[in-house]
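Below is one structure, written out as structure tokens; the observations come after it.
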Amino acid sequence: CTALMHAAACGHRNMLQRLIHAEADLDRTDEGGWTALMFQSHRGDVKMVDLLVAARADVNIRDSRGRTALILAARAGHKQVVKRLTDCGLEQLTADLDAQDQIGGCSALMYGVVNIHRGIVEAIINAGADVNLQNRCGATALMLGARAGSLKLVEKLIKAGASLDMQDTRGFTALMCGAYNGHAEIVEVLTNAGASLDLVDRRGTSALVHAFGHRNIVHFLEQVKAG
């Protein structure tokens, strides 16, 4: 651990400034692959992040698990840091919006959705992230949002152009995720947006069957199918 990393990890802003002025190596990593910027992105200190970004720290270095500073900030729920990393002002300093980690193939957007951080999701979408990326299980941000039960995020992702009928490795669609988990409003929004009721998963199960146990959803989907 270098003096710069120690200053970043402990939040010592004045020390960090002095080390930057002394031209310390901003991108040196510790044994886990973390840089000073990663420590601050995880901590959520946007002023420290500003110092490091202004000094041209590399925002796209990955740690031993494939995580970038943006992914760490999104996972931890630090909206202001996410906004800073997605709008650094210089193309070469802007974070890779679509980087995926090695844990489950998740992107910063996916972590924002899973943790229901609406501001983070909005910032990453507005910056131009690919809303149709799939993780290692084939799930998209829309599927994760439907599973989590976040109506606002599902609506935001649909508006951003999320594909309604993509399927994960099990054959699940976002509609199936919503139906299985009993999220009636999400099922209605996805159906009204044009999600297919005819698709089946790898076991041949449709969204209607997945809704078994949720009478209101079954009734709604039966009405839709009946026209």
Side-chain angles (χ1 to χ4, degrees), residues 8 26-27 29 32-148 150 152-166 168 174 177:
L26 302 180
D27 299 327
T29 59
W34 280 38
T35 62
L37 179 60
M38 288 177 176
F39 279 114
Q40 284 311 313
S41 297
H42 179 70
R43 288 185 72 248
D45 190 331
V46 71
K47 291 184 178 179
M48 296 278 269
V49 168
D50 277 339
L51 286 174
L52 290 162
V53 170
R56 305 181 75 83
D58 190 335
V59 300
N60 289 317
I61 291 176
R62 294 171 181 259
D63 70 7
S64 59
R65 295 185 177 184
R67 298 172 298 189
T68 62
L70 179 61
I71 289 174
L72 292 170
R75 284 188 69 197
H78 300 310
K79 182 176 69 173
Q80 295 305 319
V81 174
V82 167
K83 285 185 174 181
R84 185 68 179 94
L85 292 172
T86 55
D87 184 21
C88 295
L90 295 172
E91 184 177 349
Q92 65 268 31
L93 295 180
T94 300
D96 180 357
L97 302 173
D98 301 325
Q100 294 172 274
D101 66 22
Q102 296 172 1
I103 302 170
C106 287
S107 64
L109 175 61
M110 292 175 186
Y111 279 118
V113 170
V114 168
N115 294 315
I116 315 181
H117 291 304
R118 287 170 56 185
I120 286 175
V121 170
E122 184 173 359
I124 296 173
I125 288 175
N126 289 345
D130 183 351
V131 296
N132 290 316
L133 279 179
Q134 293 176 280
N135 64 17
R136 286 188 179 177
C137 294
T140 63
L142 184 62
M143 294 177 201
L144 297 173
R147 189 179 302 156
S150 178
K152 294 295 184 183
L153 292 186
V154 166
E155 290 175 330
K156 190 175 297 292
L157 287 162
I158 292 173
K159 186 177 180 180
S163 176
L164 301 175
D165 294 327
M166 289 181 73
D168 65 16
C177 292

Which value, rounded to the nearest 0.5 Å, describes the distance between L70 atom CG and S107 atom OG?
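L70 atom CG to S107 atom OG measures 8.5 Å (nearest 0.5 Å).
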Are V131 and L142 side-chain neighbours, meaning at least one heavy-atom pair lies under 4.5 Å?
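Result no, sub-4.5 Å side-chain heavy-atom pair not found.
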Looking only at heavy atoms, which two atoms of [X] and [Y] are closest? And how far apart?
X: S41; Y: L85; answer: OG-CD1, 3.8 Å
X: R147; Y: C177; answer: NH2-SG, 3.8 Å
X: M38; Y: R67; answer: CE-O, 3.5 Å

Would you check if the side chain of [X] reaches a backbone N or O of [Y] as a donor-acceptor pair within less than 3.5 Å?
X: N132; Y: S163; answer: yes
X: Q80; Y: G44; answer: no
X: D101; Y: C106; answer: yes
X: N115; Y: Y111; answer: yes
X: S64; Y: G32; answer: yes

What verdict does the side chain to side chain contact (heavy atoms under 4.5 Å, CB included) test give for I61 and D27, after you've listed the backbone C-alpha separation in whole Å, the side-chain angles of each residue and the deciding distance to 0.1 Å?
CA-CA 8 Å; I61 291 176; D27 299 327; 3.5 Å; yes
Check whether more than 12 heavy atoms from other residues, nucleotides or ligands sit under 6.0 Å from atom NE2 of H117, and answer yes or no.
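Yes.
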Around R136, counting heavy atoms of other residues, nucleotides and ligands shown, do more than 12 lie under 6.0 Å from its CZ?
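Result for CZ/R136: enclosed.
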Stepwise side chain to side chain contact (heavy atoms under 4.5 Å, CB included) check, D58 with L26:
CA-CA 8 Å; D58 190 335; L26 302 180; over 6 Å; no
Applying side chain to side chain contact (heavy atoms under 4.5 Å, CB included), run through L52 and V59 and close with a yes or a no.
CA-CA 9 Å; L52 290 162; V59 300; over 6 Å; no
Check step by step if side chain to side chain contact (heavy atoms under 4.5 Å, CB included) holds for L37 and V53.
CA-CA 8 Å; L37 179 60; V53 170; 4.3 Å; yes
